[in-house]
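One structure is given here, and the rest of the page talks about it.
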Amino acid sequence: MSVHSTSGVVAFSDTDASGRFHHTAAYRWAENTEHAFYRSVLPDVDIGRFPRRSTSATYERPLTAGDAYTVDLELDRLGNSSITYTWTVTGPAGVCVRGAHAVVHVDATGRPAPVPGALREHLAPAAGVAA
């Protein structure tokens, strides 16, 4: 189930010497989509409290500067202090990247802490778990 989507256009600075988007751009776009999602649920969220635990991506089609793309962020798993997302970047010719990443919500000392209540309540139906 998609929890958030964003759209954009590949900037020249997102490309490498081949003229295609650099592999790191997809991670940036996915992270920006995730952060936009958090802000839509928790306007005062501290984005720094959700560091990455793992990431992966498979690249299927290239994008070049000027191409429009959409990032769809989906919930894969909701844990006590962690959230795992899957995501796709889709361009004019179809799916370009399939990725996943897990984040851990941490407290001010950097220790794992429960996912904030409002965020959990928003994600719980998609995860099929109780808030």
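No experiment lies behind these values; they were computed from the predicted model shown.
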Min side-chain heavy-atom separation [X]-[Y] under 4.5 Å:
X      : Y      : value
Glu34  : Val103 : yes
His22  : Ser13  : no
Pro116 : Phe50  : yes
Asp67  : Phe21  : no

- Evaluation steps, side-chain contact (heavy atoms from CB on, under 4.5 Å), between Ile83 and Leu75: CA-CA 8 Å; Ile83 307 169; Leu75 177 67; 3.6 Å; yes

- Counting heavy atoms not belonging to Arg53, are there more than 12 under 6.0 Å from its CZ? no

- Message: Quick one: does any side-chain atom of His105 pair with a main-chain N or O of Ser81 as donor and acceptor, under 3.5 Å?
- Response: no

- Decide side-chain contact (heavy atoms from CB on, under 4.5 Å) for Thr6 and Asn32; before the verdict, give the C-alpha distance in whole Å, the side-chain angles of both, and the deciding distance to 0.1 Å. CA-CA 8 Å; Thr6 59; Asn32 288 340; 6.0 Å; no

Give, for atom [atom1] of [X] and atom [atom2] of [Y], the distance between the pair rounded to the nearest 0.5 Å.
X      : Y      : atom1 : atom2 : result
Asp46  : Asp107 : CG    : CG    : 11.0 Å
His23  : Arg28  : NE2   : CZ    : 10.0 Å
Thr90  : Arg98  : OG1   : CZ    : 8.0 Å
Arg120 : Leu78  : CZ    : CG    : 4.5 Å

If you look at every heavy atom in [X] and [Y], which pair is closest and at what distance?
X     : Y      : value
Leu73 : His101 : CD1-CE1, 4.2 Å
Ala26 : Val89  : CB-CG2, 4.5 Å
Pro92 : Leu63  : CD-CD2, 3.9 Å
Val41 : Ala118 : CG1-O, 3.8 Å
Ser2  : Glu74  : CA-CG, 3.8 Å
Cys96 : Gly91  : SG-N, 3.6 Å

- Could you verify whether a donor N or O on one side chain and an acceptor N or O on the other, from Glu31 and Tyr27, lie under 3.5 Å apart? no

- Message: Ring centroids only, cut at 6.0 angstrom: are Phe37 and His122 within range, meaning strictly under it?
- Response: yes

Do [X] and [Y] land in one hydrophobic cluster if side-chain heavy atoms of ILVMFWY residues count as linked below 4.5 Å?
X      : Y      : value
Val71  : Ile47  : yes
Val104 : Val115 : no
Val45  : Val106 : no

- Tell me, with the steps shown, if Tyr85 and Asp76 meet side-chain contact (heavy atoms from CB on, under 4.5 Å). CA-CA 5 Å; Tyr85 297 102; Asp76 185 54; 6.0 Å; no

- Quickly, which of Asp72, Thr33, Thr70 forms a side chain to side chain donor-acceptor pair (under 3.5 Å) with Ser5? Name it, please. Asp72

- Per side-chain contact (heavy atoms from CB on, under 4.5 Å), Arg77 is matched among Thr84, Thr86, Leu123 by Thr84

